[in-house]
Amino acid sequence: ISPAASRLGGAEMQKTISPRGWALMSVLALIWGGSFLANRIALEQVGVLTTVAFRVGVSGLVLWLWSLTRGLKVPPLRRFIAVSFGMGVVNNIIPFTLIVWGQQHIESGLAAILNASTAIFTVLLAAAIHADEKLTPARIFGTVVGFVGVAIAIGIEALAHFDLTSLGQLAILGASVAYAVSAVFARVAFKGIRAEVSAAGMLSASAVIMIPLALWTDGLPDAGWTPETWGALCYLALFSSALAYMIYYNVLEAAGAGNMSLVTLMVAPVAIIFGAIVYNEKLAAAEFAGFGLLVVGLLIVDGRLRPRRRVKN
């Protein structure tokens, strides 16, 4: 999941989500929710770095073809290349790799729950860097509630042991932090550049780094991959990255940046359902309770849960 251009609140006016906006957000949640299942399927035959390399390489190529055929303007190359590599590392390579690696050791549903913490980290980093996104008392309270939810979902006892399960959970949280960093700096990095071109630059720069790393660590791809594996890889590249980026920016236009945090909440239930159907994954009650608290925290941060003021007669 890649929220590089979204942020919570800020100085923006809150928009009402239209039926079209809800429809686009629902489609995006279905696509990104399926990415956790696709990761798990791919990992049965494909290495972590090869999975990421295939995703960024194919999706970058598709987005460049889309951008060039539509005649979208490419900015001056020197700065654009530098920014693309920087954002590609933070927004694609680090989070994609950590999520795929983490899913080797935890359920896809739990991975999606922990990934929803991206919005919480974004609020904290944005407040530290951008003057127009300061922490209000409501945001501080919502952030605390959200972190409590994350802690409950992880389980304190899991962190005490630091086995592969707990490391997998920490990897997903690390991906969330990377997404938050990219979300904060994307406001400046890609200012004035069309979204499709920005995404194409990030993904292709990521591919330049990831393809040699994948060949070095995993070797040449196996021509004997099953159709299910090929399907999962193509889903990650064509749907979860290329198509998702294009839908994502339509969501921004239709619903506004302040509403984008709701997508991460919509993704988790989809991933949980897909994991339960295909792999019979079962999450503990504490993990669902933690997700519930995280939802409450994000709604408080985003201003949708506010105490009602008493009206004096």
Side-chain angles (χ1 to χ4, degrees), residues 1-2 27-66 88 91-115 164-165 167-169 171-172 175 199-200 202-204 206-247 267-283:
I1 301 173
S2 178
V27 171
L28 191 57
L30 285 171
I31 292 174
W32 276 339
S35 68
F36 291 91
L37 176 61
N39 281 335
R40 177 161 179 176
I41 294 173
L43 285 171
E44 294 182 3
Q45 288 190 299
V46 185
V48 171
L49 297 186
T50 299
T51 299
V52 176
F54 188 96
R55 178 176 182 176
V56 297
V58 174
S59 59
L61 177 61
V62 169
L63 280 173
W64 272 125
L65 291 174
W66 169 271
N91 190 65
N92 297 142
I93 292 177
I94 293 176
F96 286 177
T97 303
L98 288 176
I99 289 174
V100 174
W101 183 87
Q103 279 197 249
Q104 294 181 112
H105 309 293
I106 65 174
E107 295 84 356
S108 56
L110 178 57
I113 288 175
L114 297 177
N115 184 73
L164 285 176
T165 299
L167 289 176
Q169 294 172 339
I172 305 300
M202 282 193 300
L203 289 165
S204 55
S206 301
V208 170
I209 298 173
M210 288 304 303
I211 290 175
L213 285 177
L215 291 174
W216 183 41
T217 57
D218 299 337
L220 292 172
D222 187 354
W225 288 340
T226 64
E228 292 79 9
T229 298
W230 279 109
L233 290 172
C234 290
Y235 180 89
L236 289 170
L238 300 178
F239 291 91
S240 293
S241 296
L243 179 60
Y245 267 116
M246 289 187 280
I247 293 177
V267 166
V270 174
I272 291 170
I273 292 171
F274 284 166
I277 292 174
V278 178
Y279 286 101
N280 197 30
E281 292 181 352
K282 295 180 180 179
L283 299 183

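Everything numeric here is computed off the predicted structure, so don't read it as measured data.
Leu236 is not listed as a side-chain neighbour of Ser241, based on a closest heavy-atom distance of 4.5 Å or more. Trp225 is listed as a side-chain neighbour of Asp222, based on a closest heavy-atom distance under 4.5 Å. Counting heavy atoms from C-beta on, the side chains of Ile247 and Ile31 come closer than 4.5 Å. Counting heavy atoms from C-beta outward, Arg55 and Leu233 have side chains that stay 4.5 Å or more apart. Residues Val52 and Ile93 are not in side-chain contact: their nearest non-hydrogen atoms beyond the backbone lie 4.5 Å or more apart. Looking at Leu98 and Ile172, their side chains never come closer than 4.5 Å, going by heavy atoms from C-beta outward.
For the 3.5 Å distance criterion, the side chains of Ser240 and Trp32 fail to qualify, holding no donor opposite an acceptor. Under 3.5 Å, the side chains of Ser108 and Gln103 contain no donor-acceptor pair of N or O atoms. A donor atom on one side chain and an acceptor atom on the other are found under 3.5 Å apart for Thr226 and Gln45.
Distance OG1/Thr51 to CD1/Ile41: 11.5 Å, rounded to 0.5 Å. Expressed to the nearest 0.5 Å, how far CD of Glu228 lies from CD of Glu44 amounts to 9.0 Å. Here the CG-CD1 distance, from Leu283 to Ile272, works out to 5.0 Å after rounding to the nearest 0.5 Å. To the nearest 0.5 angstrom, Leu49 atom CG is 4.0 Å from Thr217 atom OG1. Atoms CG and CG, on Asp218 and Leu213 in that order, are 10.0 Å from each other to the nearest 0.5 Å.
Of all non-hydrogen atoms in Leu63 and Ala242, the two that sit nearest each other are CD2-O, 3.9 Å. Taking each heavy atom of Ala38 and Tyr235 in turn, the nearest pair found is CB-CD2, 3.8 Å. Closest approach of Ile99 and Asn39 over heavy atoms only: CG2-ND2, 3.9 Å. In terms of heavy atoms, Phe96 sits closest to Asn91 at CE2-O, 4.4 Å. Between Ala237 and Ser59 the shortest heavy-atom distance is O-CB, 3.2 Å. In terms of heavy atoms, Leu30 sits closest to Phe274 at O-CE1, 4.1 Å.
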Please lay out, stage by stage, how Phe36 and Val267 fare under the test side chain to side chain contact (heavy atoms under 4.5 Å, CB included).
-> CA-CA 10 Å; Phe36 291 91; Val267 166; 3.8 Å; yes
Under the side chain to side chain contact (heavy atoms under 4.5 Å, CB included) criterion, do Met210 and Thr97 qualify, and how do the steps go?
-> CA-CA 10 Å; Met210 288 304 303; Thr97 303; 4.2 Å; yes
Kindly determine whether Leu203 and Tyr245 satisfy side chain to side chain contact (heavy atoms under 4.5 Å, CB included), including the steps that lead there.
-> CA-CA 11 Å; Leu203 289 165; Tyr245 267 116; 3.6 Å; yes
Please test Ile277 against Leu37 for side chain to side chain contact (heavy atoms under 4.5 Å, CB included), starting from the C-alpha separation and ending with a verdict.
-> CA-CA 10 Å; Ile277 292 174; Leu37 176 61; over 6 Å; no
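For Glu107, there are no side-chain hydrogen bond (donor to acceptor under 3.5 Å, both in side chains) partners two or more places apart in sequence or in a different chain.
Under the 3.5 Å distance criterion, the side-chain polar atoms of Thr50 are left unmatched by any main-chain donor or acceptor of Val46.
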